[in-house]
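A quick write-up on the structure given underneath.
Computed from a prediction, not measured in an experiment: that's the story for all the values here.
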2 protein chains.
Amino acid sequence: MRRSRQRDAILSVVKSTDCHPTADWVYHEARRRIPGLSLGTVYRNLKVLCELGWVRCYEGPGGVSRFDGAVATHHHFRCDRCGEMQDVDAPVDASLDRQVADRTGLDVRYHVLEFRGLCEGCRLERRRSSGSEVEDQH
Amino acid sequence: MRRSRQRDAILSVVKSTDCHPTADWVYHEARRRIPGLSLGTVYRNLKVLCELGWVRCYEGPGGVSRFDGAVATHHHFRCDRCGEMQDVDAPVDASLDRQVADRTGLDVRYHVLEFRGLCEGCRLERRRSSGSEVEDQH
DNA sequence: AGACATACTAATAACGGTTACCATTATTGA
DNA sequence: TCAATAATGGTAACCGTTATTAGTATGTCT
């Protein structure tokens, strides 16, 4: 695998934030350093970096992926309204995978635990705009 | 809200399987009863049924949603290769939400726990086609 | 340094699941 | 029965992502 300014920039952008950016966010941020950068290049390299294990990818509502430079297993909170993710320090129980594998016979490699609700901003936003809106399920 | 043959059929299809079908699968299945059924109608009603809480929706890789007629909280195994889901009888810890809420101040409503790996079929498939393929991360 | 092989890029078109639109149809309450 | 209007079918638009392709940059070998 060869090296490129573009890939370096993309990796550095993802590693330098904990906001769990979308591909589009990474694109705009990296373009500040490399103005001619193409969106396709961002997608291609994010995929490569995931396969290499340098970054992690979390797929979410609307088919939008979010990326994370923190590759150690940890859990997240995700907002049901805007889709933003943030880290959460819930305990990581690696033995869960083994337990489920033993009980089911499935080839369990890892698990994803995501807490859901409304983030601060969206809670305020919703309260302001309409107190009588459709309640979300769950 | 009015009633319609179409919505009845769609709900009944989702409720009558535990295969966690995609919208497309529901569409083809429901068309066996209502030949003129439109795909848009399936999507529109699945969304309504989710909002009513009659079915659950799990978004996954590739922007593909899967639906579940079992609305009681439970966890799943999802295949990294084909995306199929199946139920898993891992314990549901409702107190987790409270714990994370207390620790973070976030408005945690629920959580999603998904075990990942390769399903039976994909494991065989992968072994057959190539023993020297790229290993997946995690 | 120069030249070669080829991985990588930029630009753009295609793709696939989902949603929006709108004229027509079907359900419901009076 | 009949009017009001929610729901449908058909189709086009949407949007994040992926594929294509001609051209560029990188690493290697001499």
When the aromatic ring centroids of A:Y58 and A:H20 are compared, is their separation below 6.0 Å? no

From OH of B:Y43 across to C1' of D:dC14 the rounded distance in Å is 13 Å

In whole angstroms, the gap separating C1' of D:dG16 from CZ of A:R66 amounts to 13 Å

When rounded to whole Å, the CG to P distance for the pair B:L39 and C:dG17 reads 10 Å

Q: Kindly indicate whether the side chain of B:R2 and the base of D:dT5 share any N or O donor-acceptor pair separated by less than 3.5 Å?
A: yes

Taken to the nearest whole Å, CH2/B:W25 to C1'/C:dG17 is 18 Å

Does A:S38 make a side-chain N or O approach to OP1 or OP2 of C:dA11 shorter than 4.0 Å? no

Here the distance between atom P of C:dA7 and atom CG of A:L49, to the nearest Å, is 18 Å

Below the 4.0 Å mark, does D:dT18 have OP1 or OP2 next to a side-chain nitrogen or oxygen of A:R44? no

- Describe the nucleic acid contact of B:S65 in one word from base, sugar-phosphate, nothing, applying a heavy-atom distance below 4.0 Å. sugar-phosphate

Report yes or no: do B:W54 and B:Y27 belong to one cluster of Ile/Leu/Val/Met/Phe/Trp/Tyr joined by side chain heavy-atom distances under 4.5 Å?
yes

* **Salt bridge present between B:D107 and B:R109 (N-O < 4.0 angstrom)** => yes

When B:R5 and B:K47 are each assigned the nearest nucleotide of DNA chain C, the 5'-most assignment goes to B:K47

Legend entry - Short side-chain N/O contact to D:dG9 OP1/OP2 from B:Q6, under 4.0 Å: yes

query: Any sub-3.5 Å donor-acceptor pair from B:R33's side-chain atoms to B:R5's backbone N or O?
result: no

A:R7 CZ to C:dA10 P, in whole Å, measures 12 Å

Looking at B:S4, I'd like to know whether one of its side-chain N or O atoms comes within less than 4.0 Å of OP1 or OP2 on D:dT8. yes

- Between the main-chain N or O of A:V71 and the side-chain N or O of A:R56, is there a donor-acceptor pair closer than 3.5 Å? yes

In whole angstroms, the gap separating P of D:dT8 from CG of B:L37 amounts to 8 Å

Original post:
Reckon B:N45 touches a base, only the sugar-phosphate, or nothing at all at heavy-atom distances under 4.0 Å?
Top reply: sugar-phosphate

note: B:D24, atom CG; C:dT19, atom P; distance rounded to Å ~ 14 Å

